[in-house]
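Order of appearance sets the numbers: ligands from 1, and atoms from 1 within every ligand.
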Amino acid sequence: MLLSGRIPDHVAIIMDGNGRWAEMRGLPRIEGHKRGAERTREVIAAAMEVGVKTLTLYAFSLENWQRPGEEVSMLMRLIEFYLRKEFEESIRRGIVFKSIGEVWRLPENLQALLKEMEERSYRNKGMTLVMALSYGSRNEILRAVGKAISLGVVPEALTEDYFSSLLDTSGMAAPDLIIRTSGEKRISNFLLWQAAYSEFYFTDALWPDFTREEFFVALHDYQLRERRFGTVHSRAET
Ligand code: IPE
Ligand code: IPE
Ligand code: MG
């Protein structure tokens, strides 16, 4: 697989299909989430390898809180376990951690861990890893509107750049490529504002089957695209 071409600066992934992966095998859904976590590790390493600057992973949506309590609590434990396990090594590899979403709704241990990860990694110089946890884009936009109102922002001051700075993704470039696994072709309340000019890649692979090779196939597909941003000629990209 040739990956010498243009690498997207920011890749965002809707990691979907864990439950179906497990159900197809007669296993409890949590087994799919465990296998999915292993893939996450593999894809993070692959993204670093090819020079992706920011990788955003949609791990738990605001709507996912409505799942059966047992699945939610097992997922929370799994996310914490996985992050704890990978934390030190990731810091050594230069990763900068960030999280987006209503993190204050997460279990306290997980919140504390995310805070520690952000504090201990913000001086790092490597890839930025953004975890979308308890995240919903409409909610993010509404919270940003709320901030603007409470800051007393006048309409003329409300530019796109300023509004972007009020979102959880403040300071991050918009995603160049959004990948969704599991065959679903929808955005499920992910980065609605930020995805205005993102390229989309959909694959039938379930997340636990989304290998590093599958990730490279997605990047290769992206490399073949022409991004026009509403203009007529291909815009030179860095
Ligand atoms: C994605 O897998 C992980 C989360 C949403 C937490 P799912 O759990 O949605 O798996 P499917 O879509 O039911 O197969
Ligand atoms: C989207 O997947 C959220 C995550 C991958 C975290 P869902 O499985 O929750 O989305 P829908 O319900 O299929 O739209
Ligand atoms: Mg799903």
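The side chain of N64, and not its backbone, has at least one atom closer than 4.0 Å to an atom of ligand 1 (non-hydrogen atoms only; side chain from C-beta on). Neither the backbone nor the side chain of E184 has any atom closer than 4.0 Å to an atom of ligand 1 (non-hydrogen atoms only). Under 4.0 angstrom from ligand 1, the non-hydrogen atoms of A59 all belong to its backbone. At a heavy-atom distance under 4.0 Å, only side-chain atoms of H33, from C-beta outward, approach ligand 1.
Under the side chain to side chain contact (heavy atoms under 4.5 Å, CB included) test applied with T40, the options I79, L57, I13 reduce to a single match, L57.
Of the protein's non-hydrogen atoms, G19 N, 2.9 Å is the one closest to atom 10 (O) of ligand 1. Among protein heavy atoms, the minimum distance from atom 7 (P) of ligand 2 is reached at R67 NH2, 3.9 Å. Atom 5 (C) of ligand 2 has M15 O, 3.4 Å as its closest protein atom, hydrogens excluded (heavy atom only). When only non-hydrogen protein atoms are considered, atom 2 (O) of ligand 2 lies nearest to R180 NH2, 3.6 Å.
In this model, no donor atom of one side chain and acceptor atom of the other lie less than 3.5 Å apart for R39 and T211. Remark: the R180 side chain and the T203 side chain contain no N/O donor-acceptor pair separated by less than 3.5 Å. Between Q194 and T169, the side chains place a donor N or O and an acceptor N or O closer than 3.5 Å (distance only, hydrogens not considered). For the residue pair R227 and Y222, a side-chain donor N or O sits within less than 3.5 Å of a side-chain acceptor on the partner.
A salt bridge links E89 with R92: the closest approach of a Lys/Arg side-chain nitrogen to an acidic carboxylate oxygen falls below 4.0 angstrom. Ion pairing of R41 with E38 is absent here, as no side-chain N (NZ or NE/NH1/NH2) approaches a carboxylate O to less than 4.0 Å. Taking a cutoff of 4.0 Å between a charged side-chain nitrogen and a carboxylate oxygen, D168 and R143 qualify as a salt bridge. In summary, E184 and R20 engage in a salt bridge, as defined by a charged side-chain N under 4.0 Å from a carboxylate O.
Scored by the side-chain contact (heavy atoms from CB on, under 4.5 Å) test, K98 finds T128, V130, M172 as partners (sequence neighbours excluded).
Proximity to L75 (heavy-atom distance under 4.0 Å) selects the following atoms of ligand 1: 6 (C). Contact atoms of ligand 2 toward F60: 6 (C) (distance under 4.0 Å to a heavy atom of the residue). Atom numbering of ligand 2 starts at 1 in the shown order; those under 4.0 Å from a heavy atom of D16 are 2 (O), 8 (O). Of all the atoms in ligand 2, the ones that sit under 4.0 Å from a non-hydrogen atom of I14 are 1 (C), 5 (C).
Checking only distances, S188 does come within under 3.5 Å of ligand 2, N or O to N or O.
Here atom 13 (O) of ligand 2 lies nearest to R186 when heavy atoms of R20, Q66, R186 are compared.
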Worked check of side chain to side chain donor-acceptor pair (under 3.5 Å) between S164 and W193: CA-CA 8 Å; S164 296; W193 168 275; 3.1 Å; yes
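Heavy atoms of G17 come nearer than 4.0 angstrom to ligand 1 in at least one pair.
Counting only residues at least two apart or on different chains, the ring pair (Phe, Tyr, Trp, His ring centres under 6.0 Å) pairs with a member in residues 20-72 are Y58-Y135, Y58-F190, F60-W65. The ring pair (Phe, Tyr, Trp, His ring centres under 6.0 Å) analysis of residues 91-133, with sequence neighbours excluded, yields no pairs.
With a cut-off of 2.8 Å, the protein N/O/S atoms near the Mg ion (ligand 3) add up to 1.
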